[in-house]
There are 2 protein chains.
Amino acid sequence: MTDQLKLANQVCFPVYTLAKEIINQYRPILKEMDLTYPQYLVMMVLWESKEQTVSEIGEKLNLDSGTLTPLLKRLETKKLITRKRKKTDERVVAIALTPEGFEKKEMAELIPERVAESLNISMEELNELKRITEKVIKKIKS
Amino acid sequence: MTDQLKLANQVCFPVYTLAKEIINQYRPILKEMDLTYPQYLVMMVLWESKEQTVSEIGEKLNLDSGTLTPLLKRLETKKLITRKRKKTDERVVAIALTPEGFEKKEMAELIPERVAESLNISMEELNELKRITEKVIKKIKS
DNA sequence: CAAAATTAAATTGTGCACAATCTAATTTTG
DNA sequence: CAAAATTAGATTGTGCACAATTTAATTTTG
């Protein structure tokens, strides 16, 4: 096999590994506020705008209802969100932050700093990683 | 929140997204040979050296026994590998390729090309992504 | 307007990923 | 050498991730 052909594998594995590694860095920090990384992503989407439908959240995070429905039910159990079908279209479930869910935002503001610290990577490298990653995602999706 | 603090989140989400996206690109291609991406990784490790212990595989792929044991049992069910405890140390399980498992290597040689095609990303960008990703992994692990 | 098509979530089923615990075997050490 | 510590996997339980199917509601269209 030529090096060129092997390259795909040689890139994909590190990306897969890095994603797991990053989530592992978040894990203990998020655990203190009783969230998983995907739950944290959902909460961040809601902190930006406190009422959104399931599909709006899914679109922003690239997650389908099979993933979101049980995750959202867990957030509901934790009293961080409410789930309510819309009167105007009963197929649509509106997810809204509870006061507790909204308040968690403050505590969460400390997370990026702690993660950055835990990752121990320079701004320059983080920016480089962000730039190339976003570029590749855009290409894949197009 | 300063931009600096937000950066961690702004990097982690794309990496998490890209990893999923990449696996999604592999999925239909690997499905033709009845493998998932993590199963493919294990097979690649074994194609390099056809008998290895569970922990050796786990070390190379950063996966623990809770992940590998059921995955390896599925590969065993598919007759791609065998699992046998070592006589010299009964705690150790030796994983070995079956002839079928070894033969699958040939079919698998086509995969990187097809994935590269599917990703539709230039060699330069792939190399850049590989370089920065590996650099960051190394830093995180140290 | 009613049948057909579409849409939004939920459900079901499979397969990771990983923490925590358990079991059995081997090493270490007093 | 026997008790203690360590090691290698297996098991259990929780939580994604996603395909495929189902259900119920809404839109479209003949």
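None of the values given here were measured: they were computed from a predicted structure. Below, chains carry the letters A, B, ... as their sequence lines are ordered, and counting in each starts from 1.
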Please state whether the phosphate of [N], meaning OP1 or OP2, lies under 4.0 angstrom from any side-chain nitrogen or oxygen of [X].
X: Y16(B); N: dA17(D); value: yes
X: R74(B); N: dC16(C); value: yes
X: Q39(A); N: dC16(D); value: yes

Within the structure shown, what part of the strands sits under 4.0 Å from [X] by heavy-atom distance: base, sugar-phosphate, or nothing?
X: I23(B); answer: nothing
X: L68(B); answer: nothing
X: L63(A); answer: sugar-phosphate
X: T36(A); answer: sugar-phosphate

Identified stems (criterion: three or more consecutive Watson-Crick or G-U pairs, under 3.5 Å), DNA chain D
C:1-30 with D:1-30

W47(B) (side chain) donor-acceptor with E103(B) (main chain) under 3.5 angstrom:
no

Would you say K104(B)'s side chain and M33(B)'s backbone share a donor-acceptor pair under 3.5 angstrom?
yes

From the options [options], select the nucleotide whose nearest atom is closest to the side chain of [X].
X: R83(B); options: dA10(D), dC18(C), dA10(C); value: dA10(D)
X: T67(B); options: dA10(D), dA19(D), dA17(C); value: dA17(C)
X: K20(A); options: dA19(D), dA17(C), dA9(C); value: dA17(C)
X: V93(B); options: dA17(C), dA17(D), dA10(D); value: dA10(D)
X: V92(A); options: dT11(D), dA10(C), dA8(C); value: dA8(C)

I'd like to know if the side chain of Y26(A) pairs up with that of N9(B) as donor and acceptor (distance under 3.5 Å, no hydrogens or angles considered).
yes

Closest-nucleotide ordering on DNA chain C, the 5'-leading residue of G66(B) and A94(A):
A94(A)

Identify, between E56(A) and S65(B), the residue whose nearest nucleotide on DNA chain C lies closer to the 5' end.
E56(A)

Common cluster, M43(A)/L110(A), ILVMFWY with side-chain heavy-atom separation under 4.5 Å:
no

Separation of dA17(D) atom P from L41(A) atom CG, nearest Å, is 8 Å

I57(B) CD1 - dA10(D) C1' separation (whole Å):
15 Å

Would you call K105(B) and E48(B) a salt bridge, taking side-chain N to carboxylate O under 4.0 Å as the test?
no

Please tabulate, one pair per line, each protein N/O and nucleotide N/O from nucleotides 1-3 of chain D that are separated by under 3.5 Å, including the distance.
none

Side chain of S55(A), base of dA8(C): donor and acceptor closer than 3.5 Å?
no

Reference residue K135(A); test salt bridge (charged side-chain N to carboxylate O under 4.0 Å, His left out); the match among E125(B), E124(B), E128(B)
E125(B)

Taking only N/O atoms, report every protein-nucleotides 26-29 of chain D pair under 3.5 Å with atom names and distance.
| residue | atom | partner | partner atom | Å |
| --- | --- | --- | --- | --- |
| dT26(D) | OP1 | E90(A) | N | 3.3 |

